[in-house]
Amino acid sequence: MKITVNGEERLVETGVSLGTFLKDNHLDENSVVVEINKEIAVKEDFHTITFKENDSLEILQFVGGG
Amino acid sequence: MQTPNNMNDRPNDMYDIIENDDLGLGGKKLTSRLFTGTGKYPSDALIPEITEKSGSQVITVALRRVDFKSSTGNVMDHIPKGIQLLPNTSGARDADEAVRIARLARAVGCGNWIKIEVISDNKYLLPDGYETARACEVLAKEGFVVLPYINADLMVAKSLVDAGAAAIMPLGAPIGTNRGLKAKEMIRILISEINLPIVVDAGLGKPSHACEAMEMGADACLVNTAIASSARPVIMAEAFGEAVRAGRAAYLAGPGARKLEASASSPLTGFLE
């Protein structure tokens, strides 16, 4: 199915969990925050949350800043 | 050693006088009054040494999209454990965006401190005091420890006190300019009139600027560009740490009066009459 991640379209398999998606993309779930359709995803639910067609994700992390 | 000027057991050493001079902020007792940023460093790998040499216990970070194409590590890999993280809301152009970024930052799971930075001016990066106060009110109610970044404006500062800020962070000069305490007289007014810690943030370019801010009575300084843009960032970080300590000690020691006319330092000569 088609979802948008950080402004770019992606194709993901149906039923893939957010936790698996992060792992497949080499992201540590402890150091990111995920917003799905403008709602913050709770970390404890990462492995039970699955995507719907046209979901829009923002996956953010801390970077250097002043 | 007792001197004629000692009364009771007053500290008579610079490091003694600042030893029991913790800064209480957001429920923490900070022994360092220098906060540091993590932006624009030649390499994030410098962060541990900069933190150690500066003595900083509060470090700012920003929140951005993960770059799937880049393999560079996360800045968090370099920030020592136990340091208080101070995420900023950089990128926010209004209160709603600042609130959104703050909530996202807290959801990363590294604490509830937030530096509100609301900027829609791309030339001078000057903050929007009104939107900052709106964001502060929302975030303070949600339990954030809010450190708002503002122009040194007394009325904006007062509205932030009312909105539940934990400190006030006036700029010394525009971000990244290294121009020093250009807003000195306005900051002096805040120090005098506002009953919250005053953290001078932005524009401090040399340790002497930070020292001067502390001599005036500022409670802390936040430095990023001056360290990051130095040819020797680790040494500059250490110099800033010493400058903040020296300035604070001078403030506590109590500087002498300023005069218009000279007053000789040596006694009158009798033998030359």
Side-chain angles (χ1 to χ4, degrees), chain A, chain B residues 35-44 46-47 59-79 85-91 100-111 115 117 125 149 175-176 201-204 222-229:
Chain A
M1 69 172 83
K2 190 189 74 174
I3 62 173
T4 306
V5 180
N6 289 358
E8 291 190 359
E9 276 186 12
R10 293 258 196 146
L11 287 174
V12 293
E13 283 178 30
T14 316
V16 157
S17 73
L18 173 57
T20 304
F21 179 85
L22 292 174
K23 201 164 145 209
D24 290 348
N25 284 278
H26 313 291
L27 294 172
D28 173 9
E29 53 184 67
N30 289 320
S31 57
V32 299
V33 57
V34 181
E35 211 189 45
I36 304 178
N37 302 330
K38 294 267 164 62
E39 295 223 1
I40 298 175
V42 173
K43 286 203 185 204
E44 287 77 26
D45 298 340
F46 276 11
H47 289 278
T48 53
I49 291 171
T50 52
F51 304 125
K52 294 185 311 300
E53 184 79 32
N54 294 325
D55 271 349
S56 175
L57 269 67
E58 291 289 344
I59 304 181
L60 309 165
Q61 66 182 4
F62 288 137
V63 300
Chain B
F35 303 174
T36 48
T38 53
K40 299 186 280 194
Y41 286 173
S43 162
D44 285 352
L46 291 171
I47 290 172
I59 293 193
T60 59
V61 290
L63 191 70
R64 292 292 182 272
R65 283 174 165 172
V66 159
D67 182 357
F68 289 95
K69 298 186 195 75
S70 164
S71 56
T72 53
N74 191 308
V75 74
M76 296 304 294
D77 297 337
H78 303 282
I79 294 180
L85 213 61
L86 179 59
N88 66 36
T89 66
S90 66
R100 180 178 169 204
I101 294 174
R103 289 171 178 158
L104 286 162
R106 182 160 67 174
V108 175
C110 300
K115 168 179 166 179
E117 199 178 306
L125 301 181
Y149 168 65
I175 292 170
D201 173 18
L204 301 177
L222 201 167
V223 178
N224 189 159
T225 298
I227 292 172
S229 62

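Letters go in sequence order (proteins before strands), and every chain restarts at 1. These figures come from a predicted structure and were not determined experimentally.
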Heavy-atom pairs under 4.5 Å with chain A - which of [options] has more of them than the others?
options: B:Pro87, B:Gly39, B:Gly37; value: B:Gly39
options: B:Ile59, B:Val66, B:Ile47; value: B:Val66
options: B:Asn224, B:Asp201, B:Val75; value: B:Val75

Proximal component of [X], with respect to chain A [non-hydrogen, under 4.5 Å]:
X: B:Leu85; result: side chain
X: B:Lys115; result: side chain
X: B:Ala105; result: both
X: B:Asn88; result: side chain

Open item on the list: Looking at B:Arg64 and A:Val63, would you say the former's side chain and the latter's main chain have a donor-acceptor pair under 3.5 Å?
Closed with: no
Open item on the list: Treating A:Lys43 as the side-chain partner and B:Val108 as the backbone partner, does any N or O pair qualify as donor plus acceptor under 3.5 Å?
Closed with: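 Flag set: sc A:Lys43 to bb B:Val108 pair under 3.5 Å.
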Open item on the list: Is any side-chain heavy atom of A:Ile40 closer than 4.5 Å to one of B:Leu104?
Closed with: yes
Open item on the list: I'd like to check A:Ile59 versus B:Arg65 (side-chain heavy atoms, cut-off strictly below 4.5 Å). Are they in contact?
Closed with: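 A side-chain contact under 4.5 Å is absent here.
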Task: Option in A:Val32, A:Leu27, A:Val34 with maximal non-hydrogen atom pairs under 4.5 Å from chain B - done: A:Leu27
Open item on the list: Could you measure the distance from the CG atom of B:Asn74 to the CZ atom of A:Phe62? Nearest 0.5 Å is fine.
Closed with: 9.0 Å
Task: NZ/NE/NH1/NH2 to OD/OE distance under 4.0 Å, B:Arg100 and A:Glu58 - done: no
TODO: For A:Glu53, look at atom CD and say whether over 12 heavy atoms of other residues, nucleotides or ligands are found less than 6.0 Å away.
DONE: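 Counting neighbours around CD of A:Glu53, more than 12 heavy atoms of other residues, nucleotides or ligands fall under 6.0 Å, so yes.
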